[in-house]
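Below you'll find the structure, written out as structure tokens, and then a few comments.
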Protein chains: 2
Amino acid sequence: MAIKKTSREEILQEAIKLFKIRGYYNTSMANIAEACGLIKGSIYHHFKSKDEIGIESLKYIHEYFDKHVYSIAYDDTLSSKKRIKLFVQKVDEYFLSSKGGCLLGNLALELSSENEEFKKAIRTYFLAWEDALAYILKEKYKEDEAKKLAREYVSLTQGAIMLMNLYDSSEDYLRVGKKIIDLI
Amino acid sequence: MAIKKTSREEILQEAIKLFKIRGYYNTSMANIAEACGLIKGSIYHHFKSKDEIGIESLKYIHEYFDKHVYSIAYDDTLSSKKRIKLFVQKVDEYFLSSKGGCLLGNLALELSSENEEFKKAIRTYFLAWEDALAYILKEKYKEDEAKKLAREYVSLTQGAIMLMNLYDSSEDYLRVGKKIIDLI
DNA sequence: GTCTATATCAAGATAGAC
DNA sequence: GTCTATCTTGATATAGAC
């Protein structure tokens, strides 16, 4: 039986799951290693520190959203109505399919007041989300109105994810998506 | 020079400040003690564990809101317009006056997936907020519409607090309060 | 009520064998 | 690439002197 080679990506995926559920500081290298079937020392072959895993986790998620969600907003071959529907559908799929809510939102509250590097990465991610949403809304609203609405709905989505996890109910979260679609 | 007696309340206030800025797990008993001018061992004279400080912090904040914010909603000597204005004003005062946003929101994301006791306390607090807001809104909306709106605006407020801290700008947060007032 | 001192444990991280 | 072993630090918590 060959020893399984664990990839960087596999470790990131397990780390993200744990960070979302247990929080960043409450997740240890040993926890991450165990989830990968390794012992903690072995993780350091792939990442030089826990903070690196944290930053790479943010990047990993950002890349997923760029590729599978935000890109929809800029696909000018589709109508804006179709784009906003698809956009909301993809966001919902992501946040309804796993436990613990939005890692970026969680980390924004857990450690962005302390760690400037994390804060910058999280800000970039949220701005990309707002920009994508605003790009669709610009077809119907003036530029600065579109921007305000986009930020408002990102806020609302984050708040709704928080309460969805707190109440173990997706009902109110789902209403947010419907409201976003109705904007167009 | 007499040795200063540190009260439970003083410790809670310092702990709350630190939890909001540094996060719960990233705040140590030594950090809390230092903020109070004590050394860590001395804290155990007042609280039997860090978790007790956490739970008591939530209670402390909840009591503050019950007394100074939620009570406004139920003051039937004022018009509903006056009540909603005062309510929003008090909420704004609280969240604009200190760094780190809303401890209950932060802890909801940092540790409520893991710790049932914390989760229950946080849920109770958010429900009280919703109930108070819904009570005012009932004057103009049907009961279940008022409840939906209340939850939506609590979500929106929490999301806006998150982004306010992330972007170091209160502009969008303040718009939320105006929207709430316009509901009546 | 606060201090010094210490017990105990778990964290992040590194070195070197296999 | 993973393991064992270990270093170092810092965490929660306790005991007992002042």
Side-chain angles (χ1 to χ4, degrees), chain A residues 1-58 60 103 106-107 110-111 113-118, chain B residues 1-58 60 103 106-107 110-111 113-118:
Chain A
M1 181 108 127
I3 293 171
K4 178 163 185 302
K5 286 189 200 170
T6 306
S7 68
R8 250 176 100 89
E9 183 168 356
E10 235 172 301
I11 296 171
L12 284 181
Q13 286 172 349
E14 295 299 331
I16 288 168
K17 274 189 226 163
L18 287 167
F19 290 155
K20 286 202 292 184
I21 295 171
R22 299 175 53 91
Y24 181 75
Y25 290 117
N26 192 39
T27 298
S28 70
M29 294 300 263
N31 295 147
I32 296 169
E34 194 195 12
C36 301
L38 298 172
I39 65 142
K40 61 177 178 171
S42 305
I43 300 287
Y44 290 88
H45 177 75
H46 302 273
F47 297 91
K48 71 172 202 299
S49 70
K50 183 181 172 183
D51 269 13
E52 196 194 357
I53 299 182
I55 289 288
E56 291 295 313
S57 295
L58 298 184
Y60 185 83
L103 181 63
N106 297 9
L107 293 191
E110 186 178 357
L111 45 75
S113 332
E114 275 285 282
N115 187 314
E116 258 312 312
E117 197 183 358
F118 277 92
Chain B
M1 178 108 128
I3 291 173
K4 176 163 185 303
K5 285 189 201 173
T6 305
S7 67
R8 252 176 99 88
E9 183 168 356
E10 234 172 302
I11 295 171
L12 284 180
Q13 285 171 349
E14 294 300 332
I16 288 167
K17 273 191 225 161
L18 288 167
F19 290 155
K20 286 201 293 185
I21 294 170
R22 299 175 53 90
Y24 181 75
Y25 290 118
N26 193 39
T27 298
S28 70
M29 294 299 264
N31 295 147
I32 297 168
E34 195 196 11
C36 301
L38 297 173
I39 67 141
K40 60 178 176 170
S42 305
I43 300 288
Y44 289 89
H45 177 77
H46 302 273
F47 297 92
K48 73 173 201 300
S49 70
K50 184 180 171 182
D51 269 13
E52 196 194 358
I53 299 182
I55 290 288
E56 292 294 315
S57 297
L58 298 184
Y60 185 83
L103 180 62
N106 297 9
L107 293 190
E110 187 178 357
L111 45 74
S113 331
E114 275 284 284
N115 187 315
E116 260 310 314
E117 197 183 356
F118 277 93

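In what follows, every chain begins at residue 1, and chains take the letters A, B, ... in the order their sequences are listed. Since the structure is predicted, the reported quantities are computational estimates derived from the model, not experimental observations.
Between the B:E52 side chain and the B:K48 main chain, a donor and an acceptor come within less than 3.5 Å of each other.
Applying the side-chain hydrogen bond (donor to acceptor under 3.5 Å, both in side chains) criterion to B:N115, with sequence neighbours excluded, gives no partner residue. Applying the salt bridge (charged side-chain N to carboxylate O under 4.0 Å, His left out) test to A:E56 and every residue at least two apart in sequence or in another chain returns A:R8, A:K59. Checked against ring pair (Phe, Tyr, Trp, His ring centres under 6.0 Å), B:Y60 has no partners two or more places apart in sequence or in another chain. With sequence neighbours left out, the ring pair (Phe, Tyr, Trp, His ring centres under 6.0 Å) criterion links A:Y24 to A:F19, A:F118. Every residue two or more places apart in sequence or in another chain that forms a side chain to side chain contact (heavy atoms under 4.5 Å, CB included) with B:K40 is listed here: B:M29, B:A30, B:A33. Legend: residues meeting side-chain hydrogen bond (donor to acceptor under 3.5 Å, both in side chains) with A:S28, ordered by chain and number and at least two apart, are A:N31.
The distance from atom CZ of B:R8 to atom C1' of C:dG1 is 14 Å, rounded to the nearest whole Å. Going from atom CD of B:E34 over to atom P of D:dA11 covers 11 Å, rounded to whole Å.
Residues from residues 39-50 of chain A placing a heavy atom under 4.0 Å of any atom in DNA chain D, listed by number, are A:I39, A:S42, A:H45, A:H46. Taken residue by residue, residues 20-29 of chain B places no heavy atom nearer than 4.0 Å to DNA chain C.
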Report each atom pair, protein N/O against N/O of nucleotides 16-18 of chain D, whose distance is under 3.5 angstrom.
none

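Interatomic distance, CD1 of A:I43 versus OG of A:S49, reported as 12.0 Å (0.5 Å rounding).
Listed by first then second residue, pairs satisfying ring-ring contact (aromatic ring centres under 6.0 Å, His included) with a partner in residues 25-56 of chain A number zero, not counting sequence neighbours. Within the structure, salt bridge (charged side-chain N to carboxylate O under 4.0 Å, His left out) pairs that include any residue of residues 11-29 of chain B comprise A:E114-B:R22, B:E14-B:K17 (at least two apart or interchain).
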